[in-house]
A.B. asks: 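I'd like to ask you about the structure that follows.
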Number of protein chains: 2
Amino acid sequence: MTPMKKNKDQQGEPSALDLDRQVCHSLYSAANALVRAYRQTLEKLDLTYPQYVVMMSLWQKDGVSISNLSAHTRFDAGTLTPLLRRLQDKRLIDVKVAKGDERRKIVSVSRQGRSLKKSAEKVPGQIACAVDMPAEDALKLKGLCETLVGKLKR
Amino acid sequence: MTPMKKNKDQQGEPSALDLDRQVCHSLYSAANALVRAYRQTLEKLDLTYPQYVVMMSLWQKDGVSISNLSAHTRFDAGTLTPLLRRLQDKRLIDVKVAKGDERRKIVSVSRQGRSLKKSAEKVPGQIACAVDMPAEDALKLKGLCETLVGKLKR
DNA sequence: AGGCGTCATTTTGCACGCAAAGTAATTGAC
DNA sequence: GTCAATTACTTTGCGTGCAAAATGACGCCT
């Protein structure tokens with residue numbers, strides 16, 4: 001019955017445009033899911049995920065310019081400017097004009113920012129726990145992502 | 001000389017908070033880099049990456065409700081509402097209230113939306129070319145991302 | 001010294017991403 | 001049948017992410 005029905009909801013022939021076979025969509029979804037997972041953990045620290053990334057970068061090495069920070073975090077300058085303003089409003093960082101080159105600004109962790117690090121130490125463990133991925137897979141994933149970032153360098 | 005110098009730019013002992021060993025940061029960077037790569041390709045179609053994802057979902061199966069679309073694309077409803085309005089403004093989709101349940105809306109691809117599909121067929125190839133990743137790695141990456149999404153289901 | 005190109009950062013404008021609150025229609029309990 | 005809970009979607013508010021334009025400082029060339 002219903003011979004030659006024009007199958008409107010096709011799902012007909014598989015296409016390169018099928019969402020379910022797109023690596024990019026998986027990657028995009030995973031990144032969003034991850035940020036969502038961080039949100040719960042980080043709200044105790046009153047940080048967003050990008051702010052947390054910037055703080056990690058500064059905890060590792062501070063007294064850096066915005067362009068240094070941009071290179072290390074891979075956030076562009078136009079993203080960093082307002083983000084740093086918010087971290088400054090929270091008294092987590094200090095920003096001062098570099099002596100010798102007034103274009104440059106030097107960002108460093110404040111006293112409060114340094115004390116926040118202690119609470120932040122627990123974050124990676126909590127996320128690792130929520131994600132629950134074998135170390136080997138995590139490394140593989142990281143490697144593939146880094147390769148991808150490398151290929152897509154602007 | 002400079003004995004016992006308080007090493008201010010430490011990089012001292014490695015920490016779990018070091019940016020460079022965080023899988024999440026790599027994933028986040030990769031997703032952003034991908035969207036950036038898509039931007040150039042997609043601007044010819046006057047689509048953003050999320051809009052392209054929605055169109056792919058609809059090309060695959062249309063006549064769906066917003067919550068169906070939300071499940072398939074993994075975008076939340078609050079993201080979809082304005083996004084669909086923009087696709088509607090571009091005359092790529094039609095949205096109508098479902099008969100029998102006036103809360104629900106049914107989204108389908110318009111004539112123009114269907115004709116756009118032909119141009120979009122070229123997109124996956126162009127991205128694949130820019131990314132230049134062996135199929136095996138791509139599959140592995142997709143698998144790991146899907147696992148992660150699964151673990152982090154809300 | 002004056003001027004011009006370059007560099008670091010900021011601003012602007014637009015589109016998400018998402019939690020939370022709001023609205024309207026439907027269902028379910030009684 | 002009525003009314004409260006639920007469901008589907010919209011709205012609001014805030015923080016990115018980024019291209020492009022604007023701003024201000026530096027540095028070199030002559």
Side-chain angles (χ1 to χ4, degrees), chain A residues 25 28-43 45-55 64-71 73-90 95-107 149 152 154, chain B residues 25 28-43 46-55 64-71 73-90 95-107 149 152-154:
Chain A
H25 184 234
Y28 192 78
S29 306
N32 285 337
L34 212 73
V35 170
R36 219 179 300 130
Y38 269 104
R39 197 184 317 271
Q40 304 181 40
T41 304
L42 289 179
E43 71 183 1
L45 308 186
D46 187 30
L47 288 178
T48 64
Y49 179 68
Q51 287 167 10
Y52 169 69
V53 168
V54 167
M55 290 308 295
V64 297
S65 69
I66 292 184
S67 48
N68 286 339
L69 206 49
S70 170
T73 59
R74 294 158 175 163
F75 296 160
D76 96 4
T79 297
L80 281 175
T81 295
L83 191 159
L84 291 175
R85 191 179 43 64
R86 285 178 201 112
L87 290 178
Q88 222 176 345
D89 291 347
K90 298 179 198 181
V95 179
K96 56 185 204 301
V97 173
K99 18 191 169 185
D101 185 347
E102 301 203 349
R103 290 171 303 179
R104 210 178 286 234
K105 298 202 173 167
I106 301 299
V107 185
V149 169
L152 296 179
R154 330 192 199 198
Chain B
H25 185 233
Y28 192 79
S29 305
N32 284 338
L34 248 176
V35 170
R36 220 179 301 131
Y38 269 104
R39 199 185 315 273
Q40 305 180 40
T41 304
L42 289 179
E43 71 183 2
D46 187 30
L47 288 178
T48 64
Y49 179 68
Q51 288 167 11
Y52 169 68
V53 167
V54 167
M55 290 308 295
V64 297
S65 69
I66 292 184
S67 48
N68 285 339
L69 206 49
S70 170
T73 59
R74 293 159 174 163
F75 296 160
D76 96 5
T79 297
L80 281 175
T81 296
L83 191 158
L84 291 175
R85 191 178 46 63
R86 284 176 203 115
L87 290 177
Q88 224 176 344
D89 292 347
K90 299 179 196 177
V95 179
K96 57 185 202 300
V97 173
K99 18 191 170 187
D101 186 346
E102 301 204 350
R103 289 172 305 180
R104 209 179 287 235
K105 297 202 174 165
I106 300 300
V107 185
V149 169
L152 296 179
K153 271 242 199 53
R154 329 190 200 201

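Every heavy atom of this structure was used, including side-chain atoms; hydrogens, water molecules and symmetry mates were not. In what follows, chains are A, B, ... by sequence order, proteins preceding strands, each numbered from 1.
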A.B. asks: Quick one: Arg74(B) CZ to dC16(C) P, roughly how many Å, whole number?
C.D. replies: 18 Å
A.B. asks: May I have the distance from Leu47(A) (atom CG) to dT16(D) (atom C1'), rounded to whole angstrom?
C.D. replies: 14 Å
A.B. asks: Return the nearest nucleotide to the side chain of Asn32(A); candidates are dC18(C), dA19(D), dC9(D).
C.D. replies: dC18(C)
A.B. asks: Show the atom names and distances, to 0.1 Å, of all donor-acceptor pairs under 3.5 Å that link a side chain in residues 32-41 of chain A to residues at least two apart or in another chain.
C.D. replies:
none

A.B. asks: Can you tell me which nucleotide in dC18(C), dC9(D), dT26(C) comes closest to the side chain of Thr81(B)?
C.D. replies: dC9(D)
A.B. asks: Give the nucleotide from the list dC9(D), dT9(C), dA19(C) with an atom nearest to the side chain of Ile66(A).
C.D. replies: dT9(C)
A.B. asks: Within this structure, what is the OH-to-C1' distance between Tyr38(A) and dA19(C), rounded to whole angstrom?
C.D. replies: 20 Å
A.B. asks: From the list dC18(C), dT10(D), dG15(D), which nucleotide is the closest neighbour of the side chain of Gln51(A)?
C.D. replies: dG15(D)
A.B. asks: Taking atom types as they are modelled, would you say the side chain of Arg103(A) forms a donor-acceptor pair with the base of dC26(D) within the 3.5 Å cutoff?
C.D. replies: no
A.B. asks: Taking any heavy-atom pair under 4.0 Å as a contact, classify Ser67(B): base, sugar-phosphate, or nothing.
C.D. replies: sugar-phosphate
A.B. asks: Measuring to OP1 and OP2 of dA15(C), would you say a side-chain N or O of Arg86(B) lies under 4.0 angstrom away?
C.D. replies: yes
A.B. asks: How many Å lie between NZ on Lys105(B) and C1' on dA25(C), as a whole number?
C.D. replies: 13 Å
A.B. asks: Below 4.5 Å, heavy atoms only, C-beta onward: do Val54(A) and Leu87(A) meet side chain to side chain?
C.D. replies: yes
A.B. asks: In whole angstroms, how far is the P atom of dT10(C) from the CG atom of Leu69(A)?
C.D. replies: 11 Å
A.B. asks: Identify, between Ala77(A) and Val35(A), the residue whose nearest nucleotide on DNA chain C lies closer to the 5' end.
C.D. replies: Ala77(A)
A.B. asks: By nearest heavy atom, map Pro50(B) and Thr79(A) onto DNA chain C; which one lands nearer the 5' end?
C.D. replies: Thr79(A)
A.B. asks: Of Tyr49(A) and Gly100(A), whose closest DNA chain D nucleotide lies nearer the 5' terminus?
C.D. replies: Tyr49(A)
A.B. asks: As an exercise, state the distance from OG of Ser67(A) to NZ of Lys105(A), rounded to the nearest 0.5 Å.
C.D. replies: 12.5 Å
A.B. asks: By nearest heavy atom, map Glu43(B) and Pro82(A) onto DNA chain D; which one lands nearer the 5' end?
C.D. replies: Pro82(A)
A.B. asks: Over all strands shown, is Asp76(B) touching base, sugar-phosphate only, or nothing at heavy-atom distances under 4.0 angstrom?
C.D. replies: base
A.B. asks: Which part of the nucleic acid does Thr48(B) contact within heavy-atom distance under 4.0 Å: base, sugar-phosphate only, or nothing?
C.D. replies: sugar-phosphate
A.B. asks: Measure CG/Leu80(B) against P/dC9(D) and give the value in whole Å, please.
C.D. replies: 10 Å
A.B. asks: Determine: side-chain N/O of Gln40(A) to OP1/OP2 of dA19(C), distance under 4.0 Å, yes or no.
C.D. replies: no
A.B. asks: Could you give the CG-to-P distance, from Leu84(B) to dA8(D), as a whole number of Å?
C.D. replies: 16 Å
A.B. asks: What integer distance in Å separates Asp101(B):CG from dT7(D):C1'?
C.D. replies: 8 Å
A.B. asks: Let me see the working for Leu84(B) and Ile66(B) under side-chain contact (heavy atoms from CB on, under 4.5 Å), right down to the final yes or no.
C.D. replies: CA-CA 9 Å; Leu84(B) 291 175; Ile66(B) 292 184; 3.9 Å; yes
A.B. asks: Would you say Arg36(B) places a side-chain N or O within less than 4.0 Å of OP1 or OP2 belonging to dC18(D)?
C.D. replies: yes
A.B. asks: Rounded to the nearest 0.5 Å, what's the gap from OG1 on Thr73(A) to NE2 on His25(B)? Could you check?
C.D. replies: 6.0 Å
